[in-house]
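Structure, as structure tokens:
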Amino acid sequence: MELIKLLGVLIVIVGFALKLDSILIIFLALITTGIVGGLGVGGLLETIGTNFVANRSMAIFIMILLVTGTLERNGLREAAANLIRKVKSATAGKLVAVYGILNALFGAFNVSFGGVAGFIRPVLLPMEEGAITNKFGKANEDHVDEAKGLSVAMQNFTWFFFQVLFVGGAGGILVQTTLAGLGYEVELIDLAAVEIPVAVVALAVSCIFVIVKDNRLMKKYYGKSADTKK
């Protein structure tokens, strides 16, 4: 009977495998896990409410999910795709690179766009598909999947290297405490100063990589038309 508590995990696996709405899947898995785990409806709501108040980051994440879901339902993805179709020179690689630069700049101030669930899936990915469709008439599914991977990779690269630049952020404090445990006492501002050139190089390499990678993907999936329609 203990295995029934894993029902929520099964819902997530099946839901994503069938490409159903991700926000709906997550909340359905949440509710199911709480109920079969013995919390009941009352206990589940109490737990959610307690964590909502105690953890501001989680509260913001939940609000982003709700707002994103509402906007998607009202045509956010379609609006993003239609907007980028007006930019003739746009490519998936260039869009990912621009997103990386913006995410890095905001990440340095510990401000997130919402990550994969809040921004990449509902906004950036439709823009990439719109750019691909605008250039080649029809987007190759494999190319779209590759573009998704590049988007998530860029999110991880830029956030990892730039959020530690924020003095007092969790990343910087983690590094400071780790070094203190090894006998090295350093100030957060000094850590940020050392990290700046590393973060800038990481951003430059990431942007070059996604643009070069996407150019190769266009040649791979669309042949000579990728050269004539750049």
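All values reported here derive from a predicted model rather than from experimental measurement. The basis for the numbers below is simple: all heavy atoms, side chains too, and nothing from hydrogens, waters or symmetry mates.
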Listed partners of Lys94 passing salt bridge (Lys or Arg N to Asp or Glu O under 4.0 Å), at least two apart: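 Salt bridge (Lys or Arg N to Asp or Glu O under 4.0 Å) check on Lys94 returns nothing, list empty.
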Within the 4.5 Å heavy-atom criterion, are [X] and [Y] side-chain neighbours or not?
X      : Y      : answer
Trp159 : Asn110 : yes
Val212 : Arg216 : yes
Lys148 : Leu125 : yes
Leu203 : Phe161 : no

Non-neighbouring partners of Thr158 that pass side-chain hydrogen bond (donor to acceptor under 3.5 Å, both in side chains), sequence neighbours left out: Asn103
Residues forming a ring pair (Phe, Tyr, Trp, His ring centres under 6.0 Å) with Phe160, sequence neighbours excluded: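 For Phe160, no residue satisfies ring pair (Phe, Tyr, Trp, His ring centres under 6.0 Å) once neighbours in sequence are set aside.
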Minimum-distance pair of heavy atoms, taken over all atoms of Ala90 and Ala131: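 Minimum heavy-atom contact is O-CB, 3.7 Å.
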Between [X] (side chain) and [Y] (backbone), is there a donor-acceptor pair under 3.5 Å?
X      : Y      : answer
Gln176 : Val186 : yes
Tyr99  : Ile120 : no
Asn215 : Ile211 : yes

Neighbour count >12 (heavy atoms, 6.0 Å) for atom CZ, Phe106: no
Same apolar cluster (I L V M F W Y, side chains within < 4.5 Å links), Val96/Phe209: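 Linked, Val96 and Phe209 end up in one cluster.
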Phe136 ring center within less than 6.0 Å of His143 ring center: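 Between Phe136 and His143, which both carry aromatic rings, the centre distance is not below 6.0 Å.
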